[in-house]
Asker: 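Could you have a look at this structure, given as structure tokens, before my questions?
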Amino acid sequence: PRCWAVSSTDTAPALIALGAFVSLVSADGRRDMALEDLYRDDGMEYLTKRRDEIVTKVHLPPNVEGRKSTYWKLRRRGSFDFPVLSVAASVRVREDGVVLEARIVLGAVASRPLIVPEAATLVGKRLTDDVIAAFAEKASRLAKPLDNTDFELGWRKKVAKSYVVGALKELRGAP
């Protein structure tokens, strides 16, 4: 009833983490939607847009002070290759390091980019090693890499946790 193909996009997880939305145009006019709503969990019918619509614009929210973002990508080759796992992260922090907003998206582990709803638990906290480790454990549980891409399935799931840790530490400003 559905195709279990991997969503191997770099751009979508990164833009979703930033809160992007898209404009779609057809003969009926224009409609806007959050980018995450454009994707469905089916490798063959992976977009929710109608056949008569085209994406005409990608909109990013205004940059605000304290927002940082990063994108981590696991691939076999060092250049031009599809992701077999990715972590896109965007946080907005106060000067004292307290998280005001957080969006984390896992890529290439399902038929669509996966938003990590537990990112809301980061709000109001500092990105300490303990907070990051606890969050990465929760986030990596969502990573259910499909077995129709590169590298071993179990190993990619373990890498998801370490990539979430690495991305958040980078956003914190720590090595």
Side-chain angles (χ1 to χ4, degrees), residues 1-75 77-95 99-123 127 135 139 142-146 148-150 160 163-164 166-168 170-173:
R2 71 179 291 277
C3 175
W4 292 95
V6 174
S7 175
S8 295
T9 170
D10 289 311
T11 308
L15 290 173
I16 291 169
L18 292 171
F21 69 97
V22 293
S23 294
L24 299 137
V25 174
S26 71
D28 295 334
R30 173 182 151 171
R31 70 180 177 119
D32 295 333
M33 70 168 51
L35 183 59
E36 62 259 28
D37 295 334
L38 183 63
Y39 292 90
R40 69 167 54 113
D41 195 19
D42 186 325
M44 289 294 285
E45 297 289 332
Y46 64 96
L47 296 177
T48 61
K49 74 176 192 65
R50 298 186 321 250
R51 291 187 183 273
D52 66 332
E53 291 179 311
I54 60 170
V55 175
T56 59
K57 290 184 181 178
V58 176
H59 307 268
L60 290 173
N63 193 20
V64 292
E65 190 168 332
R67 178 169 287 140
K68 302 174 186 179
S69 63
T70 190
Y71 179 74
W72 285 46
K73 173 181 175 173
L74 175 65
R75 63 201 182 265
R77 296 179 292 185
S79 65
F80 184 71
D81 212 349
F82 295 105
V84 292
L85 168 77
S86 66
V87 175
S90 174
V91 296
R92 187 167 65 93
V93 295
R94 291 191 318 224
E95 281 187 28
V99 175
L100 299 172
E101 296 173 23
R103 287 178 61 95
I104 313 296
V105 181
L106 302 177
V109 294
S111 294
R112 65 172 289 162
L114 292 177
I115 296 174
V116 179
E118 290 83 359
T121 64
L122 297 172
V123 175
L127 294 176
F135 173 77
L142 292 176
K144 298 183 183 348
L146 302 176
N148 56 357
T149 191
D150 205 2
Y163 269 39
V164 170
L168 289 175
E170 178 185 328
L171 294 177
R172 179 182 73 188

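Residues take their numbers from the sequence shown, with the count starting at 1.
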Asker: Between Val105 and Ala17, which heavy-atom pair has the shortest distance, and what is it?
Answerer: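 Taking every non-hydrogen atom into account, CG2-N, 3.7 Å.
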Asker: Go through Arg103 and Leu18 one step at a time and tell me if the side-chain contact (heavy atoms from CB on, under 4.5 Å) criterion holds.
Answerer: CA-CA 7 Å; Arg103 287 178 61 95; Leu18 292 171; over 6 Å; no
Asker: Considering residues at least two apart in sequence or located in another chain, which fulfil the salt bridge (Lys or Arg N to Asp or Glu O under 4.0 Å) criterion with Asp37?
Answerer: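 Not a single residue meets the salt bridge (Lys or Arg N to Asp or Glu O under 4.0 Å) criterion with Asp37.
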Asker: Please say which of Thr48, Leu38, Thr56, Asp32 ends up in a side chain to side chain contact (heavy atoms under 4.5 Å, CB included) with Leu24.
Answerer: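 With Leu24 as partner, side chain to side chain contact (heavy atoms under 4.5 Å, CB included) holds for just one option, Leu38.
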Asker: Working to the nearest 0.5 angstrom, can you tell me the gap between Ile16 CD1 and Ser90 OG?
Answerer: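 Reported to 0.5 Å precision, the distance equals 12.5 Å.
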Asker: What are the two closest non-hydrogen atoms of Thr9 and Ala12, and how far apart are they?
Answerer: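 Heavy-atom minimum between the residues: OG1-N, 3.2 Å.
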Asker: Can you run down the ring pair (Phe, Tyr, Trp, His ring centres under 6.0 Å) pairs that involve residues 30-54, sequence neighbours left out, and say none if there aren't any?
Answerer: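 Applying ring pair (Phe, Tyr, Trp, His ring centres under 6.0 Å) to every pair that reaches into residues 30-54, excluding sequence neighbours, yields nothing.
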Asker: Using side-chain heavy atoms (C-beta onward) and a distance below 4.5 Å, is Leu106 in contact with Val164?
Answerer: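 Side chain of Leu106 against side chain of Val164, heavy atoms only: contact under 4.5 Å found.
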Asker: Going through the distances and angles, do Ile104 and Leu168 end up as a side-chain contact (heavy atoms from CB on, under 4.5 Å)?
Answerer: CA-CA 9 Å; Ile104 313 296; Leu168 289 175; 3.9 Å; yes
Asker: Can you sort out the partners of Ala102 under side chain to side chain contact (heavy atoms under 4.5 Å, CB included), two or more places apart, ordered by chain and number?
Answerer: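 Side chain to side chain contact (heavy atoms under 4.5 Å, CB included) list for Ala102, sorted by chain: Val91, Val99, Ala119, Leu122.
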Asker: Run the salt bridge (Lys or Arg N to Asp or Glu O under 4.0 Å) test against Arg50 and tell me which residues pass, sequence neighbours left out.
Answerer: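 Salt bridge (Lys or Arg N to Asp or Glu O under 4.0 Å) check on Arg50 returns Asp28, Asp52, Glu53.
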Asker: Apply side chain to side chain donor-acceptor pair (under 3.5 Å) to Glu118 and list each qualifying residue two or more places apart in sequence or on a separate chain.
Answerer: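 Applying side chain to side chain donor-acceptor pair (under 3.5 Å) to Glu118 gives none.
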Asker: Holding to ring pair (Phe, Tyr, Trp, His ring centres under 6.0 Å), I want the full list of residues that pass it with Tyr163, two or more places apart in sequence or in another chain.
Answerer: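 Partners of Tyr163 under the ring pair (Phe, Tyr, Trp, His ring centres under 6.0 Å) test: Trp72.
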Asker: Mind checking the OG1-CZ spacing from Thr121 to Phe135? Nearest 0.5 Å is all I need.
Answerer: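 Interatomic distance, Thr121 OG1 to Phe135 CZ, rounded to 0.5 Å: 6.0 Å.
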Asker: Considering all heavy atoms of both residues, which atom of Ala160 and which atom of Val87 are nearest to each other, and what is their separation?
Answerer: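 Taking Ala160 first and Val87 second, the nearest heavy atoms are O-CG2, 4.4 Å.
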Asker: Tabulate below the donor-acceptor pairs under 3.5 Å that side-chain atoms of residues 58-68 make, not counting sequence neighbours, or state none.
Answerer:
from  : atom 1 : to     : atom 2 : distance (Å)
His59 : NE2    : Ser23  : OG     : 2.6
Arg67 : NH1    : Pro62  : O      : 3.3
Arg67 : NH2    : Glu101 : OE1    : 3.1
Lys68 : NZ     : Leu171 : O      : 3.2

